[in-house]
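Please read the structure below before turning to the comments.
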Amino acid sequence: MSEYVGAIDQGTTSTRFMVFDHAGAEVGRHQLEHEQILPQAGWVEHDAAEVWARTQDVVRGGLEAAGITAADLAAVGITNQRETTVVWDRRTGEPYGNAIVWQDTRTDGIVKQLERDGHGDLIRQRTGLPPAAYFAGGKLKWILDNVDGVRADAEAGHALFGTMDTWVIWNLTGEHLTDVTNASRTMLMDLETLDWDDELLGLFGVPRQMLPEIRSSSEVYGNTRADGPFGAEVPVAGDLGDQHAALVGQACFDAGGLKNTYGTGNFLVLNTGTEIVRSQNGLITTVAYRLGDQPAAYALEGSIAVTGSAIQWLRDQLGIIDDAAESETLAASVDDTGGVAFVPAFSGLFAPYWRSDARGAIVGLSRFNTKAHLARAALEAICHQSADVVEAMVADAGLTLPELKVDGGVTLNSLCMQIQADVLGVPVVRPQVAETTALGAAYAAGLAVGVWSGTDELVENWAEGARWEPATDAEQRKTARAQWAKAVERTLDWVSE
Ligand SMILES: Nc1ncnc2c1ncn2[C@@H]1O[C@H](COP(=O)(O)OP(=O)(O)O)[C@@H](O)[C@H]1O
Ligand SMILES: O=P(O)(O)OC[C@H](O)CO
């Protein structure tokens, strides 16, 4: 059997296809961006047809870059930006409109109403999620209520719902399914039964027949169509949300395993084993992964909406840097932020605050300050937001943190990683393969078809690539954290309903 495994990573800003070998090393990749559609303040959309077109392009390009054909692949795994919601017509394959992206806040009113109607505790208890615009259920309700013809077509069995994994797998194989990790982000799945919950479906007014079947994260779901981008039948055998895939790619299989992924947003995921831990400190309870017929592993997650995208904002909206990497050289040109704090609460604040009324703020400005201070404050914001979540995890799970495993685009910024070690007071460690999201999807697929015999083999593949040691004392950390808390306070209660 071939020992190459492919992975499609359908992310917020881009889609990539990567090929890995048995050692978990990259053999080739191709990556393409898609348009961010911003029709009005707070709305973020993707054209699902464009995303599928880019997916096909990157598969073809990635196979070419790896110098292989689909016949050399033992399996393919799918991983995806989570919560982003699309509804399409099964008869034509056409979406009814743009996908509503996880960052979109238009459904704030829907979830607030559910809370006011007294359903908040039921949602929290059954799904592990606080009612928030972030999750897919409200987005699906919005589409059913606002897009012409969708509700009637859903009731007639024509309209299908999916997160982006479901959309990609349906286009690749014709199967309509999702996995437990993606389903756990909808506010429609019972965390304990791992099935759609009729009471929640009733609350959101969602016809059950439009929902995909919920499967494990690692099993053969079907074969790619020979007339699709692979040009042959390849088993699609892994499906998990990108943050869950990164946990697998980082080989965090034991309870207590934690990773922090730095991308558009930051997502810290702590494996809690087969135990469902309920947060008292603003974290989400979610499914970590479910490998075949093994029991599901659960996790506590701290989701942060804006981190790498604050760097994009410095580049695209303010124009103070030409590319993301320049944020490091500019920030390194000053010793500190010159008293400035930047809280990029562009979509409100996610974990651990869950304050949709917050908006971004730059505080502490004086005439002395320059763009370099602002760039440095943006990097500090990434690290302090991560520290907010780590502190919540320590409080919830009694976590002792020997070091922090990191991955994602922002970890290329060495200054940012040094600041992270300084803020937390523990070493920060990046693996040799920094593309842990795609790697985790490949692992899930490869486990299902026997490329890897079990998770022990994956743990052996993990190797340290870079390490940053803290260079601060406890007093400095305490002062910095207190200053950050003051800045966060300034962003609250800005937007009124
Ligand atoms: N050197 C860098 N310094 C700071 N941020 C960076 C750097 N390189 C990339 N980024 C940020 O990383 C993000 C992309 O990371 P990636 O892991 O590809 O994210 P995603 O999967 O969310 O698209 C972008 O938001 C970009 O601004
Ligand atoms: O595509 P990313 O890496 O920004 O990840 C998005 C998250 O899955 C949203 O929950």
Side-chain angles (χ1 to χ4, degrees), residues 7-10 75 77-85 102 123-129 134-137 140 161-170 173 175-198 200-201 206 208 210-222 236-249 252-253 255 257 259 267 269-278 283-301 303 437 440-448 455:
I8 296 170
D9 177 1
Q10 201 304 289
I78 313 295
T79 182
N80 56 296
Q81 54 167 326
R82 305 163 304 167
E83 299 96 13
T84 298
T85 297
W102 60 275
I123 292 172
R124 270 182 281 271
Q125 185 58 28
R126 212 154 284 174
T127 70
L129 309 173
Y134 173 32
F135 303 107
L140 176 53
F161 154 82
T163 39
M164 297 315 263
D165 58 318
T166 303
W167 170 244
V168 169
I169 292 173
W170 189 81
T173 69
E175 303 291 332
H176 186 226
L177 54 89
T178 189
D179 90 306
V180 281
T181 67
N182 277 294
S184 77
R185 320 295 298 186
T186 57
M187 287 202 290
L188 303 173
M189 189 190 81
D190 183 327
L191 259 190
E192 286 176 22
T193 65
L194 303 177
D195 195 6
W196 304 119
D197 181 89
D198 284 325
L200 294 170
L201 298 187
V206 172
R208 197 178 176 114
M210 76 185 304
L211 299 177
E213 189 185 339
I214 303 175
R215 306 277 283 269
S216 82
S217 317
S218 174
E219 62 180 71
V220 177
Y221 310 110
V236 177
D239 174 14
L240 60 184
D242 54 9
Q243 304 309 323
H244 315 257
L247 190 75
V248 170
C252 294
F253 297 112
K259 67 87 205 179
F267 300 89
V269 180
L270 172 69
N271 190 331
T272 59
T274 51
E275 194 190 347
I276 297 180
V277 178
R278 308 270 172 187
L283 304 174
I284 290 167
T285 308
T286 194
V287 179
Y289 49 79
R290 183 171 181 213
L291 303 178
D293 50 17
Q294 292 177 28
Y298 291 90
L300 280 173
E301 174 178 318
S303 332
T437 300
Y443 279 166
L447 283 171
T455 53

Which value, rounded to the nearest 0.5 Å, describes the distance between [X] atom [atom1] and [Y] atom [atom2]?
| X | Y | atom1 | atom2 | result |
| --- | --- | --- | --- | --- |
| D165 | T181 | CG | OG1 | 7.0 Å |
| L447 | Q294 | CG | CD | 8.5 Å |
| M164 | I8 | CE | CD1 | 12.0 Å |
| E213 | H176 | CD | NE2 | 10.0 Å |
| L129 | T285 | CG | OG1 | 8.0 Å |
| N271 | K259 | CG | NZ | 12.0 Å |

Contact check, side chains of [X] and [Y], non-hydrogen atoms, under 4.5 Å:
| X | Y | value |
| --- | --- | --- |
| F135 | I123 | no |
| R215 | D239 | no |
| T163 | E83 | no |
| L140 | M210 | yes |

Review point. Quick check: does any side chain N or O of S218 sit under 3.5 Å from a backbone N or O of L291, one acting as donor and the other as acceptor?
Key: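 Looks like no, no N/O pair under 3.5 Å.
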ask   = When you measure from the side chain of T79 to the backbone N and O of D9, does any donor-acceptor pair fall under 3.5 Å?
value =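 Not a single qualifying donor-acceptor pair exists.
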Least distance between heavy atoms, [X] atom then [Y] atom:
| X | Y | value |
| --- | --- | --- |
| F161 | T85 | CE1-CG2, 3.5 Å |
| V277 | L300 | O-CD2, 3.5 Å |
| S216 | R290 | CB-O, 3.5 Å |
| H244 | V287 | ND1-O, 2.7 Å |
| L191 | T127 | CG-O, 3.5 Å |
| T272 | A255 | C-CB, 4.0 Å |

Item to complete: Answer yes if the side chains of D179 and Y289 hold a donor-acceptor pair under 3.5 Å, and no otherwise.
Response: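 No donor-acceptor contact under 3.5 Å links the two side chains.
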*asked:* Does either side chain, that of S184 or that of T286, offer a donor lying less than 3.5 Å from an acceptor on the other one?
replied: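 Their side chains do contain a donor-acceptor pair, which is all the 3.5 Å distance test asks for.
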With respect to I214, which candidate in N182, T178, L177 satisfies the side chain to side chain contact (heavy atoms under 4.5 Å, CB included) definition?
->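 For I214, the side chain to side chain contact (heavy atoms under 4.5 Å, CB included) test succeeds with only one of N182, T178, L177, which is T178.
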Quick check on side chain to side chain contact (heavy atoms under 4.5 Å, CB included): which of T437, L247, N80 does D242 satisfy it with?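 The passing option is T437.
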E301 vs R82, test: salt bridge (charged side-chain N to carboxylate O under 4.0 Å, His left out). Steps then yes/no.
CA-CA 13 Å; E301 174 178 318; R82 305 163 304 167; 2.8 Å; yes
